[in-house]
Amino acid sequence: MALVYTEEQEMVRDSAKGFLAEKASVSVFRKMRDAGDTLGWSRALWVEMAEMGWAGILVEEQYGGLDFGMTGAALILEEMGKNLTTSPFLSSAVMATQVLRGASEAQKQAWLPKMVSGEAVIALALDEGVKHDPASSQLQAEKLGNGYRLNGSKAYIIDGFDADGYLVLARTDGEAGDQDGLSLFLVDAKAKGISTSSTKLLDSRNYAGAKFDNVEVSGGDLIGEAGKGLDALEPALNAGRIGLAAEMLGASAQCFETSMEYLKDRSQFGQKIGSFQGLQHRSAHLYSELELVRSAVIKAGQDFEASAEHSGMIASLAKAKSGEVAILAANEGVQLLGGIGMTDEHDMGLYMKRIRAAQELLGDYAFHAGRFAKWRGF
Amino acid sequence: MALVYTEEQEMVRDSAKGFLAEKASVSVFRKMRDAGDTLGWSRALWVEMAEMGWAGILVEEQYGGLDFGMTGAALILEEMGKNLTTSPFLSSAVMATQVLRGASEAQKQAWLPKMVSGEAVIALALDEGVKHDPASSQLQAEKLGNGYRLNGSKAYIIDGFDADGYLVLARTDGEAGDQDGLSLFLVDAKAKGISTSSTKLLDSRNYAGAKFDNVEVSGGDLIGEAGKGLDALEPALNAGRIGLAAEMLGASAQCFETSMEYLKDRSQFGQKIGSFQGLQHRSAHLYSELELVRSAVIKAGQDFEASAEHSGMIASLAKAKSGEVAILAANEGVQLLGGIGMTDEHDMGLYMKRIRAAQELLGDYAFHAGRFAKWRGF
Amino acid sequence: MADLEQFQQETRDWLEANCPKTMRKPMRTESDACWGGRNFEFKSDDQRNWLKLMGEKGWTAPEWPKEYGGGGLSREQSKILKKEMARISARPPLQSFGIWMLGPALLKFGSEEQKKEYLPPIVRGEIRWCQGYSEPGAGSDLASLQTRCEDKGDHYLVNGQKVWTSYADKADWIFCLVRTNREARKHLGISFVLFDMASKGVSTKPITLISGKSPFCETFFDDVKVPKENLVGTLDRGWDIAKYLLTHEREMIGGSGGSAFASRGLGEVAVSALGADDDGQLSDTALRAKIATAELDGWAFLLTMERAKDEAKAGHGVGARSSMLKYYGTELNKRRFELMMASKGMSALEWEGEASNEGELPRAWLRTKGNSIEGGTSEVQLNIISKRILGLPDPKVV
Amino acid sequence: MADLEQFQQETRDWLEANCPKTMRKPMRTESDACWGGRNFEFKSDDQRNWLKLMGEKGWTAPEWPKEYGGGGLSREQSKILKKEMARISARPPLQSFGIWMLGPALLKFGSEEQKKEYLPPIVRGEIRWCQGYSEPGAGSDLASLQTRCEDKGDHYLVNGQKVWTSYADKADWIFCLVRTNREARKHLGISFVLFDMASKGVSTKPITLISGKSPFCETFFDDVKVPKENLVGTLDRGWDIAKYLLTHEREMIGGSGGSAFASRGLGEVAVSALGADDDGQLSDTALRAKIATAELDGWAFLLTMERAKDEAKAGHGVGARSSMLKYYGTELNKRRFELMMASKGMSALEWEGEASNEGELPRAWLRTKGNSIEGGTSEVQLNIISKRILGLPDPKVV
């Protein structure tokens, strides 16, 4: 398949561009941050996005979705990255809906229509430690009649504060580190025994810690097969990683554009600073790296569309490379701008913070480089 | 101790500088290479160096040496690095004499005076595989009455072709990979059962493979205690690594100097190319790195003089850092010179080749970075 | 030598008798520092007294001449004082840009009247100074500054804006680079003037950094009247003073570049955050390799700082090599904090709350990004190395 | 479409009937290549016949017009020919700078007479060409070339020196950039001429590289007489032709930058040299991390090459982005060979002997160092990206 966007995909991008410029630009994000908003995104705006079809972009049509494909979703995330737009798009619309593809008909009926309309948001409660590593989950799911009883805690749940439901990775067998023995449960946030607390990270978005204290779930809340939770999760993780790669591509492209404008505008020593070869060469190098990231992101979206389960290697490539280059783009952005880039007043710092978080989420460079190496047999 | 050279050390450096410029400059090396000389160095010149005291620079005075210290030896190696001088200085005068410090009086009497006079050269036969890793030695030393019988082979022995004696690391106990169970034997090259062959590496120096086929040695040929060969070797390895670091510092300083001269001389686009900021910044960075290397090399020499056994961490620092920067200096050298640097006619390529070998010998960057990390507790 | 021994004994006795007990322990945070000045709120009587006693002896500026309020000590005596203070962990009685920056400049470039007027209150910590250098349009290219200083006959009139003025909102007076001649080539029309921050027309606005609050301010001058005797040195020749102070500052920053290494090693941080294998090796092997590289560079850099000091002692000046230390030290510090962040994963991102000490690590990480900008950017340092050390040519004007 | 299908069938039949069996397997080494020319020593009759048959059909240059000896094929037909040749692993009948470089330039800039005279012998492989561009004083700044070409009334007289002339010692003719006007601004006094390497006054000297022998030569011109009709295009306007050919060349090099990846992955090389742990992971963990980075970059680069081709197909030209491909591809290739060397330790240093295939790896490693120099240095590519893609300004002349 040619590594270019289709006309429909370009149209989605254009409409996202227009919509976000009007309704969810960086200045909107800044206001929300300054207000100390704990939700980290706007419910009203999310409903508007849902009306544009975004909440259901990866959902099958019979549940109200567009089933438009990952490349389109990635383009929306790229534009969101450029604008630092916040919304539960990544967590709920990209990742949670992927998990639900493996859910029972009853589960789908119960949740998907509400998610597609923007009414309900589901967050993935996966990690318990400071590094992304789902297999190390210890949260216990103890068999209890036909159901299970959950005990344990999860940390840094993306959009986990004030979510309507959680996809909880819990251990039904084995011990921390085992690939097998994990199971995924879809739990209503109102279930007895769940308590959440907001965690404020540097990117001012919605994260939560959650405690599960004798939370009782039924057998019908299990997604797929018991003990095979990581397999059920794989497509969602791939989608999330590709999504983050796309978002970081957008954010770094914005850092780069801002830097280039500054280089063309700012004078020092009687010259535009963009005429200094030292800065030119660094800029040209960064440009090249960004081209590589775009290629990887496009390919990852296409591979995901071909097979969500088997897109892991290219998803890791995209996530690793995009995170690496985004950090470079943010660092170069601040350095090239000099003092002004260090001020909170300038947007560059906001991008630097978001990029830092995004490259850590769902596995950092080392995590994905290691996965990639394993796939490649070394 | 202040990280500066003493007056005596500066004098040694000056005399080395003068001597090497006259007798062992790059053009001498080039001639030897073009002639395809297998010894890789000149016996007559080595005797001259010995007359200057270099062959015994680390040897106690009672055996005819100067006991001048590692910092001075490192300065000589730095100058040798600048001139691409070849000699058995590193192998025999720096490393083998260190091992002999732990030898019996009889062994010392038998070998040191001949080594100091330049008459005899002893090489260390340590590694058997493609990566430096003495502990993985498999060459067997089987107990035979009061003595031992050696069977096995060694590879890439520095100055091992046509050497007069070998310090052979052999396994008297345990198996490949064990730190214990290795023993060091001092074996006359004329001993029955030893066969050597020259190995031509890219730096056109003297390397050899050696086969030991039922070589019988006496108990008196053992250095120090049986099974503790790695301990007996440690000071010599530290000395060798510091020496290589110093040699690479000299070689990289020469690459840098040549590059800077070229940048000041060559014009393109109506400008001296040294005025291009892109090249200036890379040059200034390399300059900074070279300053770091020099600090590490001085410190390593001083630490070695304080305690040869306990200088391992800083020796690893010096070897790792110097190798890393030397590779950068050679790569930048070729790139900055452009086409001319790619020609065999220019000396830059000779430096690049020597640096490549030197950074691999006695452990490459990863080897020493790993050792350093271990010492630092991570 | 006997004199020095006697001086040491007397100093020790005096400190023993006069340094308050609460001033004999290291400062824990920036808020323990004493900056003096008209509006300073002393944290304790001990803090106030300690400044007063040391100020009276001139030991806040031990090597300045006695006639200007200084201690009048020789370099050797000054070292002894420092040692004796360190012996009892005595806190510095005063932090002061007046002592670090303005004083040395006045001693070199000021008139006799100016020295008499300004130095003693600095020594006693009565007047707190700030430094007005950078402008929004003049950062790396400081000499292009535009703050105007017009000769109005009996006074100067200053109009313009400074930026990155540390503690401008807390300072009493400012030493300031201004443009007095718009016709001359840019380095030649700059002067060095002093004025009271309480003057009419001076206002300040704090700057928030990406890491949070900062001591930096924007400072605005709107028709500020400055007495003509407040000019230091020659009119239009203030650039000489600026250059003197910039080199001075770079050496100070370069010299402190390695201080981050004094604390826990990166490897230790990573092991305690991520765990180790049976051999005690960091379990994240890719991170281990990166940390090893940073630690190797860190050690080699510390040794280089040490060597620079040793060479300075041996009579070779640090000179332009301070640019190398500044460049490498700040870039290395950025790398180290990147690795610290990587080691602590998600917890390194916590921006608020007790667990993270209100985001201490990520804020410190963000703050390091400024190290390679302030005090001359990395690019400026590389330019200086290229030209002054390597002797590479300037582009020819074609 | 039916036409194309018919063409495909005919082509398949013709190849089946005419391509000698020994020409139906991939070339093993450079020495299997057929370069043609007056002095070429064919390795076999099959090689000679294969060239002859293909040359007669014009299929050595399938898309050139029939009137100049070419195949006269459409782009689609040409692709089919390529595919059909690949199907039976048919060797290219001819390697030729005449086909790759001079031909396209002559078709665009040459006179009718020149096309008629020079193109057919190129197609038939009768004349082997070399390219005279770089000079010792004109590398990256090619337009500063100094080889003089004086108008002597009935002929030109050429004096000067070229360098990096590939196969100059084996070529029959040279296409050459020369200076015809020393007064004009430097790009404007250059012309493009052709002459016979057997002319009096032409001499060549092979260049040995740091990696060993090479196809490159120095080429000297000492009062070489060149007929005036051998000028291509307009006098003093040869730079247009040069630019055309340089872009053409860069795209070719950029496009082949990734070919190294087609072979075994770095990880596989390292595992087979150094071993793996029980999980199959490379035992040298630091090297594993570095190789992973190079492999990630390698994959992303290959995808970028693919994307550039796809975009070109979709109607966006590659344009200045070929500079990005050239820059990144060659730098990456250097990194990959560094890692290959690291993986094989001491054995990677073997320069002679059978075990190392006469130092194949270290020589290849050294050869990669030239990749970022030849065909426009990395620095030149970065300049092009800065100016043509990013629109960064030139320094202002002050």
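Just so we're on the same page: letters track the sequence lines, and every chain starts at 1.
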About how many Å separate CZ of B:R266 and OG of D:S140, when rounded to the nearest 0.5 Å? 7.5 Å

Under a 4.5 Å cutoff for heavy-atom pairs, which residue among B:M352, B:H346, B:E345 has the most contacts with chain D? B:M352

Show your working on side chain to side chain contact (heavy atoms under 4.5 Å, CB included) between D:W164 and B:T343 and close with a plain yes or no. CA-CA 10 Å; D:W164 305 117; B:T343 63; 3.6 Å; yes

Would you say that more than 12 heavy atoms from the other residues, nucleotides or ligands in this model lie under 6.0 Å from the CG of D:D278, or not? no

From the list D:A348, D:G139, D:S356, D:S378, the residue making the most non-hydrogen contacts under 4.5 Å with chain B is D:G139

With a 4.5 angstrom heavy-atom cut-off, could you sort out which part of D:D284 is near chain B: side chain, backbone, both or neither? side chain

I'd like to know whether NZ of B:K264 has more than 12 heavy-atom contacts from other residues, nucleotides or ligands below 6.0 angstrom. yes

Correct closest heavy-atom pair for D:P362 and B:L202 would be CB-CD1, 4.3 Å

Part of B:L279 within contact of chain D (heavy atom distance under 4.5 Å): side chain

side-chain hydrogen bond (donor to acceptor under 3.5 Å, both in side chains), that's the test. Do B:Y156 and D:E350 meet it? Break it down for me. CA-CA 10 Å; B:Y156 308 112; D:E350 293 187 27; 2.5 Å; yes

Can you tell which of B:G341, B:G338, B:S204 has the highest number of heavy-atom pairs within less than 4.5 Å of chain D? B:G338

Do you know the tightest heavy-atom contact between D:K186 and B:F269? NZ-CA, 3.6 Å

Audit row: B:Q335, D:S372, side-chain hydrogen bond (donor to acceptor under 3.5 Å, both in side chains) steps and yes/no: CA-CA 7 Å; B:Q335 182 69 23; D:S372 52; 2.7 Å; yes

A side-chain contact here means heavy atoms from C-beta on lying under 4.5 Å apart; do B:D127 and D:M346 qualify? no

Is the NZ atom of B:K374 crowded by more than 12 outside heavy atoms at less than 6.0 Å? no

Check whether D:A138 gets within reach of chain B through its side chain, its backbone, both or neither, counting any heavy atom under 4.5 Å. backbone

Would a 4.5 Å heavy-atom cut-off, applied to side chains only, mark D:I373 and B:V334 as touching? yes

Side chain, backbone, both or neither: which part of D:T285 has an atom under 4.5 Å from a heavy atom of chain B? neither

With only heavy atoms counted, which part of B:M348 is less than 4.5 Å from chain D, the side chain, the backbone, both or neither? neither

State the CG-CG distance between D:L287 and B:D364, to the nearest 0.5 angstrom. 8.0 Å

Does this structure show an ion pair linking D:E379 with B:R282, if we count only N-O contacts that are shorter than 4.0 Å? yes

Sort B:N331 into side chain, backbone, both or neither according to what part of it lies under 4.5 angstrom from a heavy atom of chain D. side chain

Which of D:L209, D:I207, D:L366 passes side chain to side chain contact (heavy atoms under 4.5 Å, CB included) with B:M342? It is D:L209

Closest heavy-atom contact between D:D141 and B:G270? OD2-N, 4.1 Å

Scored by heavy-atom pairs under 4.5 Å with chain B, the best of D:A342, D:A273, D:S134 is D:A342

Counting heavy-atom pairs under 4.5 angstrom with chain D, the leader among B:G339, B:S267, B:A155 is B:G339

Select one option (side chain, backbone, both, neither) describing which atoms of D:S144 are under 4.5 Å from chain B's heavy atoms. neither

Quick one: closest heavy-atom pair of B:V130 and D:L274, and the distance? CG2-CD2, 4.4 Å

Can you tell me which of B:K200, B:K131, B:R356 forms the most heavy-atom pairs within a distance under 4.5 Å of chain D? B:R356

To the closest 0.5 Å, what do you measure between CD1 (B:I327) and CD (D:E338)? 5.5 Å

Look at atom NZ of D:K369 and say whether more than 12 heavy atoms of other residues, nucleotides or ligands are closer to it than 6.0 Å. yes

